[in-house]
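Read through the structure below, which is laid out as structure tokens, and then see the notes.
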Number of protein chains: 2
Amino acid sequence: MAEEIDYESGIPPYRQLAAILRARIEAREIKGRFPSERTLSQEYGVATGTVRKAVAILRDEGYITTAHGWGSQVVAPDQRGEG
Amino acid sequence: MAEEIDYESGIPPYRQLAAILRARIEAREIKGRFPSERTLSQEYGVATGTVRKAVAILRDEGYITTAHGWGSQVVAPDQRGEG
DNA sequence: AGACATTTGTACGTATGTATG
DNA sequence: GCATACATACGTACAAATGTC
């Protein structure tokens with residue numbers, strides 16, 4: 001059961017989504033290839049713009065790398081500092 | 001003469017396109033290999049993203065199957081419930 | 001084995017309209 | 001008015017799979 005966005009919390013959905021995905025990466029629940037923007041949009045019921053913002057945060061934090069025309073790849077824990 | 005997208009109707013173009021294509025399939029006007037996204041995009045004057053959404057609906061409904069690098073195939077009527 | 005065209009998959013950037021806070 | 005988010009749409013670029021030559 002995946003966590004969901006809480007619209008009552010006051011925290012912007014894109015930040016919540018980033019936090020959820022970050023947790024899933026650190027829990028090794030997501031590894032290797034990262035879900036596509038479309039998939040995440042449908043799974044969490046948010047717009048693509050929101051997903052892109054969340055993904056941008058994780059990319060900025062070094063959790064994933066993104067390649068145009070391919071998608072995103074989860075960076076191995078030992079490649080980013082042994083989370 | 002193919003139906004066209006009505007931008008005044010209030011119904012999203014991708015849903016209209018899905019409905020048009022669904023009708024063409026059920027009328028046996030389209031069978032075998034399904035037109036490519038590019039073809040449909042040009043034929044109906046919509047963007048590829050719009051076509052992809054419409055095609056995704058038909059795939060979800062079981063009207064067609066899609067293969068990467070090949071295209072889509074119309075599912076035979078007797079394979080989906082004798083429409 | 002290699003080159004090429006076709007087609008889908010994914011992402012990027014941008015834009016419009018609506019709704020909410 | 002402004003910021004945020006949703007929903008939709010446009011066009012473009014690159015990646016990957018398939019089929020053909």
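Convention: sequence-line order gives letters A, B, ...; per-chain numbering from 1. Only this structure's heavy atoms are used, side chains among them; waters, hydrogens and symmetry mates stay out. What you are looking at is a predicted structure, and each value in this text was computed from that prediction instead of being measured.
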In whole angstrom, give the distance that lies between atom CZ of A:Arg38 and atom P of D:dT8.
-> 14 Å

Where A:Ala18 and A:Leu58 come nearest, the two heavy atoms and their spacing | O-CD2, 3.6 Å

Taking the nucleotide of DNA chain D with the closest heavy atom to each, which residue, A:Val51 or B:Val51, is nearer the 5' end?
-> A:Val51

With rounding to the nearest 0.5 Å, note down the distance linking CD1 in A:Ile25 to NZ in A:Lys31.
-> 12.5 Å

Decide yes or no for A:Pro77 and A:Arg28: does some side-chain heavy atom of the first lie under 4.5 Å from some side-chain heavy atom of the second?
-> yes

For nucleotides 2-5 of chain C, list the nitrogen or oxygen atoms of the protein found under 3.5 Å from its nitrogen or oxygen atoms, one pair per line.
none

Give each protein N/O atom lying under 3.5 Å from an N/O atom of nucleotides 3-5 of chain D, with the pair distance.
from, atom 1, to, atom 2, distance (Å)
D:dA5, OP2, A:Lys53, NZ, 3.1

Kindly give the heavy-atom pair with the smallest separation between B:Arg80 and B:Val75, and that separation in Å.
-> NH1-O, 2.6 Å

Touch check for A:Gly71, heavy atoms < 4.0 angstrom, all strands: base, sugar-phosphate only, or nothing?
-> sugar-phosphate

Could you go through the side chain to side chain contact (heavy atoms under 4.5 Å, CB included) check for B:Phe34 and B:Val55 one step at a time?
-> CA-CA 10 Å; B:Phe34 201 68; B:Val55 169; 4.2 Å; yes

Mind checking side-chain hydrogen bond (donor to acceptor under 3.5 Å, both in side chains) for A:Thr65 and listing every partner two or more places apart, or none if nothing turns up?
-> none

Could you tell me whether the side chain of B:Arg52 reaches within less than 4.5 Å of the side chain of B:Tyr14, counting heavy atoms only?
-> no

Between A:Leu21 and A:Ile64, is any pair of side-chain heavy atoms under 4.5 Å apart?
-> no

When you compare the protein's N or O atoms with those of nucleotides 18-21 of chain C, which come within less than 3.5 Å of each other, and at what distance?
none

Separation of B:Leu17 atom CG from D:dT8 atom C1', in whole Å?
-> 14 Å

To the nearest Å, give me how far apart CD1 (A:Ile64) and P (C:dT10) are.
-> 15 Å

Which heavy-atom pair separates A:Ile57 from A:Arg15 by the least distance, and what is that distance?
-> CD1-NH1, 4.4 Å

Return the value, rounded to whole Å, for the distance between atom CG of A:Leu40 and atom P of C:dT10.
-> 11 Å

Round to the nearest Å and state the distance from B:Arg59 atom CZ to C:dG9 atom C1'.
-> 10 Å

note: B:Gln73, atom CD; C:dT8, atom C1'; distance rounded to Å ~ 15 Å

Using a cut-off of strictly less than 4.0 Å, decide whether A:Arg52 has a side-chain nitrogen or oxygen near OP1 or OP2 of C:dA11.
-> no

Value rounded to 0.5 Å, distance of CG in A:Leu40 from CG in A:Leu17 = 6.5 Å

Looking only at non-hydrogen atoms, find the nearest pair between A:Arg59 and A:Thr66 and report the distance.
-> NH1-OG1, 2.9 Å

N/O-N/O pairs, protein side and nucleotides 13-16 of chain D side, under 3.5 Å:
from, atom 1, to, atom 2, distance (Å)
D:dA13, N3, A:His68, NE2, 3.2
D:dA15, O4', A:Gly69, O, 2.8
D:dA16, OP1, A:Trp70, NE1, 3.0
D:dA16, N3, B:His68, NE2, 3.1

Sorted by chain and number, sequence neighbours left out, side-chain contact (heavy atoms from CB on, under 4.5 Å) with A:Ser41 holds for A:Thr48, A:Val51

